[in-house]
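Report on the following structure.
Just so you know, these numbers come straight off a predicted model, no measurement behind them. Throughout, residue positions are numbered sequentially from 1 according to the sequence presented.
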Amino acid sequence: TVGAMVGSNTDGLGFVGSIAKHLNSTIEKFCENKKAIIFGTGGAAKACAVYLSKSLGQNGKIFIMGRSLNKVNDLVEKCSTYTQASSVDIKNIADVLPNVDFLVNATSLGYENDYLELFTPLGPTPDKDSIFSKDVSKNEWMEKNQSTLLQNFSSTIKNLNELNKKCLVVDVVYQPPQTMLLKLAKYFGLNTFTGQSMNLLQAAYGFIKAFNDYEDRFNEIKKIMQKC
C-alpha cells in the first residue's frame with residue numbers, strides 16, 4: 001500500500017549473520033542441530049533468540065534465561081516453532097552448560113559506564129529496584145552492592161568452568177568490545193565473540209531494507225559504516 005508504514009528489526013539477522021561469518025559458515029548451517037543458551041528477554045534478545053532458533057533447526061535446542069518468568073515462557077513459545085526450546089534458571093544452569101555449543105548474553109549486563117558493567121548473566125545481580133539509583137554515586141552504589149558483585153564473580157567463574165572448551169561465548173554488548181563476561185571466558189580458554197560485528201551488520205541490513213535501491217551494494221555500505 002502506498003504510504004503505508006512498515007516496521008522491521010534487523011538485530012536477529014545481524015546476530016546470526018555475524019556469527020556465521022566468524023565461523024566461516026552460513027546462517028543456515030553454522031549452528032544446525034546444536035545447543036545454545038541465551039540470557040535476556042528484551043527487544044534485541046527476542047530477535048536474537050528467534051533467529052538463532054531458526055538456525056538451530058528442529059533437532060537443535062535453545063535454553064532461555066531471564067528475570068521475568070512470563071517473558072521467558074513467551075519467548076520459549078516463540079522459539080519452539082523452530083527448535084526445541086525450554087527455560088532454565090540459575091539454580092539448574094550447571095546441568096545445562098556442559099552441553100551447549102553457544103552461550104549468548106543478550107542483556108545489558110556489562111555495558112560500558114553502566115552500574116552493572118562488572119556483572120555477567122552467569123550469577124546473581126542486584127534487585128531491579130536498586131539498579132537505577134539516580135541519587136547515589138557509582139562508588140556508593142558499588143559499595144552497597146559489593147557482596148552481590150562478589151557472588152556474581154564467584155558464580156561466573158564456577159559456571160564458565162562448566163562449559164565445554166568448544167563452546168563459543170557471545171556478547172551482544174559492543175561497548176566495551178571486551179565485557180567482563182568475555183574477559184573471564186578468555187581466561188578459561190574459551191572462544192569469544194563480541195557484539196561489534198552484529199551491530200555493524202544489523203545497521204547495514206537496516207539501511208538496505210529502508211533503501212531497496214542499495215541492496216546490491218551491501219558490502220560497500222558495510223565498509224562505509226565500518227569507517228564511521
Point to revise | Test log, rule side-chain contact (heavy atoms from CB on, under 4.5 Å), inputs Phe102 and Val169 | key: CA-CA 6 Å; Phe102 299 88; Val169 180; over 6 Å; no
Point to revise | Glu140 vs Ser137, side-chain hydrogen bond (donor to acceptor under 3.5 Å, both in side chains): CA-CA, chis, key distance, verdict | key: CA-CA 5 Å; Glu140 291 174 314; Ser137 70; 3.2 Å; yes
same_hphob_cluster([X], [Y]) at 4.5 Å side-chain heavy-atom cutoff:
{"X": "Leu160", "Y": "Leu150", "value": "no"}
{"X": "Ile90", "Y": "Leu181", "value": "yes"}
{"X": "Leu69", "Y": "Ile64", "value": "no"}

Review point. Would Thr107 and Asn105 count as a side-chain hydrogen bond (donor to acceptor under 3.5 Å, both in side chains) if you check the C-alpha gap in whole Å, the side-chain angles of each, and the deciding distance to 0.1 Å?
Key: CA-CA 6 Å; Thr107 74; Asn105 174 38; 2.6 Å; yes
Donor-acceptor pair, distance only, cut-off 3.5 Å: does the side chain of [X] make one with the backbone of [Y]?
{"X": "Thr194", "Y": "Pro177", "value": "yes"}
{"X": "Lys165", "Y": "Phe188", "value": "yes"}
{"X": "Asn92", "Y": "Val96", "value": "no"}

**Study point:** Step-by-step side-chain contact (heavy atoms from CB on, under 4.5 Å) determination, Met180 to Glu117
**Key:** CA-CA 7 Å; Met180 181 60 71; Glu117 181 178 352; over 6 Å; no
Check your understanding: Given Ile93 and Met65, is the side-chain contact (heavy atoms from CB on, under 4.5 Å) satisfied, shown in steps?
Key -> CA-CA 9 Å; Ile93 194 174; Met65 181 173 162; 4.0 Å; yes
Practice item. Assign the ring pair Phe193 / His22 to parallel, tilted or perpendicular, where the plane angle (0 to 90°) is split at 30° and 60°. Key: tilted
Check your understanding: Counting heavy atoms not belonging to Phe153, are there more than 12 under 6.0 Å from its CZ?
Key -> no
Review point. Taking atom NZ of Lys29 as the centre, does the number of heavy atoms from other residues, nucleotides or ligands within less than 6.0 Å exceed 12?
Key: no
Exercise for review: Over all heavy atoms of both residues, which pair between Ala36 and Leu56 is shortest? Give the atoms and the distance, please.
Suggested key: CB-CD1, 4.3 Å
Review point. With no hydrogens and no angle check, do the side chains of Asn159 and Ser155 hold a donor and an acceptor under 3.5 Å apart?
Key: yes
Review point. Does a donor on one side chain sit under 3.5 Å from an acceptor on the other, for Arg67 and Thr125?
Key: yes
Check your understanding: Distance from Ile62 atom CD1 to Lys54 atom NZ, nearest 0.5 Å?
Key -> 12.5 Å
Revision key, fill the gap. Interatomic distance, CG@Asn33 vs CG@Asp101, rounded to 0.5 Å, equals 10.5 Å
Exercise for review: Under the side-chain contact (heavy atoms from CB on, under 4.5 Å) rule, what do Leu168 and Thr192 come out as? Steps first, then yes or no, please.
Suggested key: CA-CA 6 Å; Leu168 179 65; Thr192 63; 5.6 Å; no
